[in-house]
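Here's the structure, in structure tokens; my notes come after.
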Amino acid sequence: MIPVSDRFARAHPFAVFVVAWAAIAAGETSTTDRDPRVLPAGNIDWATHGGSPHEERFSPLDSINKDSVAHLGLAWSYMTGSNRGLEATPLIVGGTLYATASWSVVFALDGKTGRELWRHDPQVPGWKAKHACCDVVNRGVAYSKGRIYSGTLDGRLLALDAKTGQLVWSTQTTDPGQPYTITGAPRVVKDLVVIGNGGAEYGVRGYFSAYHASTGELAWRFFTVPASKEGPHEHAELSAAAETWPADALWESGLGGTAWDGMAYDPELDLLYVGTGNSSVYDRAKRSPGGGDNLFLASILALRPETGELVWYYQTTPGEHWDYTATQNMILTDLEWQGRTRKVLLQAPKNGFFYVLDRATGELLSAEKFVHVSWASHVDLETGRPVERPEADWSKQDRYVAPSPPGGHNWHPMSFHPGTGLVYLPAIESLYLYMANEAFRFRPGLWNTAEDFTRLHETMEDAASIRFLPCGLTRLVAWDPVKAEKVWEVRHDSGIPGGTLATAGDLVFQGSGLGRFSAYEASGGRLLWSSKIGIDVMAPPVSYRIDGEQYIAVLAGTGGSAGAHATVFDHDNAGRVLAFKLGGEAAMPPVAKRPERSVSVARLPVPSEIVARGRRVYAENCFTCHGIGAKSSGLVPDLRTATPATHAEWEAIVRGGIRSDKGMPSFAASVSPADAEAIRAYVLERAWHEPDLVERFLDFAADRTCLPVSWITD
Ligand code: CA
């Protein structure tokens, strides 16, 4: 077998660094530091994003275990004051819990009581919601030396005093004139704070940066894609990357590759790992007409943290074409691999393959499907490349492809239990209809995937004409990374998964899109405990110990792209932090019912050509948030139920931006006054056409087969 690193060394001269690392692969590492028998007495924190430098999301605490978990009860709760999605991993440092809510708000709580210690609202402007593909979320903070570091949706990196929440410094990490966002958690490596950003759907050039922790000054920046074919390039790696792009690439789109979530640092190897995102635009025939792998899209990069110099990379999806990010969380662990211990990096990116890489060298050890996958038949271990199926190319013909843009696994973190040797993976079985837009032209600051949303929206709106409902069903999959196979799974049959936590008590904790938070037996998958939260839980739980008591804490509140319009619920989404302990007797905060929604405008005759125009403009501008046929059933309003007062202010809302503070920005740049009125006509038509609203959607979803199992042939 030819190691993948050799192939890359031939293709790209800068990858010769990997040769120097090949010798380190067989190091001996003990796992006794994770053995619960040697746990120190006293309080146990959760001080880094992934729970340890290895980002395993494993807690060595075991007083909450298989036998005692039945006595788990609520210790305390804290209302975050937001009703949008919550995705943060809380940190616990010195008994204080630090987390983030929607709109990049940071807060600190007493980990034992939930009492608020401070709260910092960075005042993100409401219009910025327009550039957040997937809700105004934030995945948490980093802690180092008495400071909290946190990113904001409008691209700032903040240093806060951990005791008071007072701002120490703030740095703008992005060009505010461009549609960048930060939703990911920073990482502190030595004396540097590393942060990436998102925005590929809107047309940006991906990069991530390291700042000096003491001052907020930029130390280095790594661009994930070149700005042009010929240069000059900001750093040497881009000269090699430029060879994988044609001269006629769609440079004005920025090309994407944003590093919006997964990072990890191995102190022993002194390597920083960063996952990069999908392309801008999705359709490679438009983005990169001359072909090419398009480095460094959808890749795992290993860098020297002090300089940002690339040591090795592995591209999961060469020539990315389906929104298959490799930004998913990465776990660094040691596995017994064919008779020797290997330091590996585990990732399950959106593309549906579970990867095991040697993290010293980047050598690919294994890549197997963990959900239904139709875009590639397999990954060739000799070349390290996926073998694409021709029928997954949607640039010339409409195609159903699995997984969908939300991926086989998204940001919801997976965890690893060193005792069972299993990874607990929030997987999504999904399918999507990709439709190319022949008339596509890049529109700065707007949604730029080169899909034909007018046709896609029409097809989905006319449910009877669609073969399969493009949707996702979530699973908790226990995956053996050595055997590359599923050991057990739990089917949630809801669209929203929750991140996972593994503990030494033989437990896996996970929330679900069914309003519950549950514990499963890590070794066998049995449901051992479940608490009715009432709202959906997406965020990953953590565990810590204070005064001899073990706690499990998690944020609850749904959202994300699905939560905006496709989650069917009739209740309010008031965000909360929940902490559980054995014998906890606090009352679960109530969940209020949402008021009944109904159509409250009179039926008026509207010419059908105006409705048709409105449908088209709606598809291009509104559909990704307000849902198919204007029937959002999630956080974003169902426009069919807009009141007469809203209709009276229609143009001021759509073009004037008077509801910017609620996350509805002005669309004056892409919607003319006549277009705004046409959208209104279309919405009215939908309101009269289908007055029974949510019920109708439920019937629709219940009738459909989400996955065409007979069609996918793997
Ligand atoms: Ca994306």
Side-chain angles (χ1 to χ4, degrees), residues 85 87 129-139 153 174 178-184 196-208 224-225 250 253-263 274-284 286-288 294 296-300 315-329 347-352 375 394 401-412 428 430-435 437 440 442 445-451 453 456 470 472 495-497 538 559-566 623-625:
E87 299 186 351
K130 184 176 182 173
H131 297 150
C133 72
C134 309
D135 202 358
V136 294
V137 293
N138 186 285
R139 291 185 209 90
L153 196 71
T174 57
Q178 288 198 52
Y180 286 105
T181 50
I182 296 179
T183 57
N197 49 56
E201 273 68 22
Y202 301 86
V204 296
R205 182 182 178 205
Y207 64 86
F208 49 94
T224 61
V225 287
L250 190 61
S253 75
L255 306 178
T258 48
W260 53 264
D261 193 36
M263 290 192 271
V274 179
T276 71
N278 59 273
S279 52
S280 174
V281 303
Y282 292 177
D283 183 357
R284 62 186 171 204
K286 307 230 170 27
R287 176 184 78 245
S288 188
N294 295 178
F296 298 97
L297 298 179
S299 301
I300 297 165
Q315 188 177 36
T316 60
T317 311
E320 200 283 297
H321 188 50
W322 306 270
D323 189 16
Y324 289 163
T325 67
T327 53
Q328 282 53 50
N329 75 303
Q347 196 199 44
K350 278 190 185 179
N351 76 14
W375 70 277
W394 54 280
V401 182
S404 68
H409 174 220
N410 205 301
W411 64 269
H412 316 83
I428 313 170
S430 65
L431 179 75
Y432 187 69
L433 179 55
Y434 291 83
M435 292 178 143
N437 179 1
F440 171 75
F442 182 75
L446 297 174
W447 194 271
N448 280 295
T449 61
E451 292 172 274
F453 275 1
L456 179 65
I496 294 189
M538 304 190 291
S561 52
H565 60 80
F623 141 70
T624 53
C625 291

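For ligands, and for the atoms within them, numbers begin at 1 and follow the listed sequence. Numbers here are sequence positions counted from 1.
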Can you confirm whether the side chains of Asn197 and Thr174 place a donor and an acceptor under 3.5 Å from each other? no
Cut-off 3.5 Å, side chains only: do Ser280 and Arg287 have a donor facing an acceptor? no
Within-3.0 Å protein N/O/S contacts of the Ca ion (ligand 1): Glu201 OE2, Asn278 OD1, Asp323 OD1
Verify whether the ring centers belonging to Tyr282 and Phe440 lie closer than 6.0 Å. no
Mind telling me whether Tyr202 and Trp447 have parallel, tilted or perpendicular rings, with 30° and 60° as the class edges? perpendicular
Could you tell me whether the side chains of Asn448 and Ser253 share a donor-acceptor contact shorter than 3.5 Å? no
Report the relative orientation of the aromatic rings in Trp322 and Tyr324; use parallel for angles under 30°, tilted for 30 to 60°, perpendicular for over 60°. parallel
